[in-house]
Amino acid sequence: PKVVAAGEGVLVLYAAERDRNWEVFAVPCGSGGPGRPVNVSAHPGVDFKPAGAWRDGTLWVAWESNREGSRRILLASLRDGHISRAEPVTTGGTSSYAPSIAVASNGLVSVAFHSFREHNYDVFLRQRPPAGGWLPERRLTRAATIDRHPVLLTHGDDLWLLYENARTDAYHTGHTNNRRIIVGKITSRGLEAPKAQKGSPLDGPGEAAAASFDATGRLWI
């Protein structure tokens, strides 16, 4: 499950199997308790691993799906009980996983994910302006090691990214030798990491990052 702050309440996102089909659901929760689950995905394919962001009354949800064979990322929005048509964030033919989504104060929707390209896992970004349509895909990492499990967050109109960098000496399914968390700000020049990261607790072993900005603008990880 993922919990998304939404005004005076929250929205809980999760995937569940019903009638032999995996779907993504959103449940509004407030002071009166949980409301009725809303089916966000509504498709016979396998839809799961949702991520969400809320801005100005609209919930944006990204998730994994196998609708066209390879694993891909889809996006839909929920507003006033109405669910939009699912939009493809990634194209078919390559496998993409673990979406994270953030919406800036200017309404720009950003979706990060890791994808298997050129015999390696790297982190990619797609962005959707408020007017609709998608900007060209951006590749954010190019390390020879494994870059995966991105986490997006915003501070005003600034977009930040955390992800896991993993190393393996040989091909072993589900096994890596070392994992650490990398954090950076996404700019027009690319991914810029704070100088203080080297020698910090992030410089050691780590995985499964979560982060938030406090009211003073300090980033907590």
Report task. Decide side chain to side chain contact (heavy atoms under 4.5 Å, CB included) for R71 and V46; before the verdict, give the C-alpha distance in whole Å, the side-chain angles of both, and the deciding distance to 0.1 Å. Result -> CA-CA 10 Å; R71 187 71 64 185; V46 175; 4.2 Å; yes
Point to revise | Check: R167 side chain, N177 main-chain N or O, donor-acceptor pair, under 3.5 Å | key: no
ask   = Do you see a donor-acceptor pair shorter than 3.5 Å between the side chains of S77 and S84?
value = yes
Distance col, row R79:CZ vs D56:CG, nearest 0.5 angstrom, shows 7.5 Å
The reported gap from CG in L108 to CG in L159 (rounded to nearest 0.5 angstrom) is 8.0 Å
In terms of side-chain geometry, is the basic nitrogen of R126 or E87 positioned less than 4.0 Å from the acidic oxygen of its partner?
no
field: Check: I186 and L152 side chains under 4.5 Å, non-hydrogen atoms
entry: yes
If Ile, Leu, Val, Met, Phe, Trp and Tyr residues are connected whenever their side-chain heavy atoms lie under 4.5 Å apart, and connections chain through other members, are L161 and I182 in the same group?
-> yes
Separation between CZ (R67) and CG (D47), nearest 0.5 Å, reads 4.5 Å
**Item:** Shared hydrophobic cluster for V61 and L11 (ILVMFWY, side-chain gaps under 4.5 Å)
**Value:** yes
To the nearest 0.5 Å, atom CZ of R139 lies from atom CG of L125 at 14.0 Å
Handout entry: side chain to side chain contact (heavy atoms under 4.5 Å, CB included) evaluation trace for H114 with S100
Key = CA-CA 10 Å; H114 70 259; S100 180; over 6 Å; no
Practice item. Fit a plane to each ring of Y14 and F25, take the angle between them on a 0 to 90° scale, and name the class: parallel (under 30°), tilted (30 to 60°) or perpendicular (over 60°). Key: parallel
Sub-4.5 Å side-chain heavy-atom contact between T94 and S70: no
Rounding to 0.5 Å, atoms CD1 (I181) and OG (S200) come to a distance of 11.0 Å
key: K185 and D158 ion-paired at < 4.0 Å   = yes
Smallest heavy-atom separation, Q127 atom then P129 atom, equals O-CD, 3.8 Å
key: Criterion side chain to side chain contact (heavy atoms under 4.5 Å, CB included) on L219 and L153, from CA distance to verdict   = CA-CA 10 Å; L219 176 61; L153 68 160; 3.8 Å; yes
What is the ring orientation for H155 with F213, classed by angle as parallel under 30°, tilted 30 to 60°, or perpendicular over 60°? parallel
| message | One pair to check against side chain to side chain contact (heavy atoms under 4.5 Å, CB included): K49 and W63. What are the steps and the verdict? | response | CA-CA 5 Å; K49 293 187 179 179; W63 69 90; 5.9 Å; no
Check: Any link between Y97 and Y163 through a network of hydrophobic side chains (Ile, Leu, Val, Met, Phe, Trp, Tyr) touching at under 4.5 Å?
Finding: no
Separation between OG1 (T141) and CG (D122), nearest 0.5 Å, reads 3.5 Å
Report task. Give a yes or no on whether L59 and L75 share a hydrophobic cluster (residues Ile, Leu, Val, Met, Phe, Trp, Tyr; joining criterion: side-chain heavy atoms under 4.5 Å apart). Result -> no
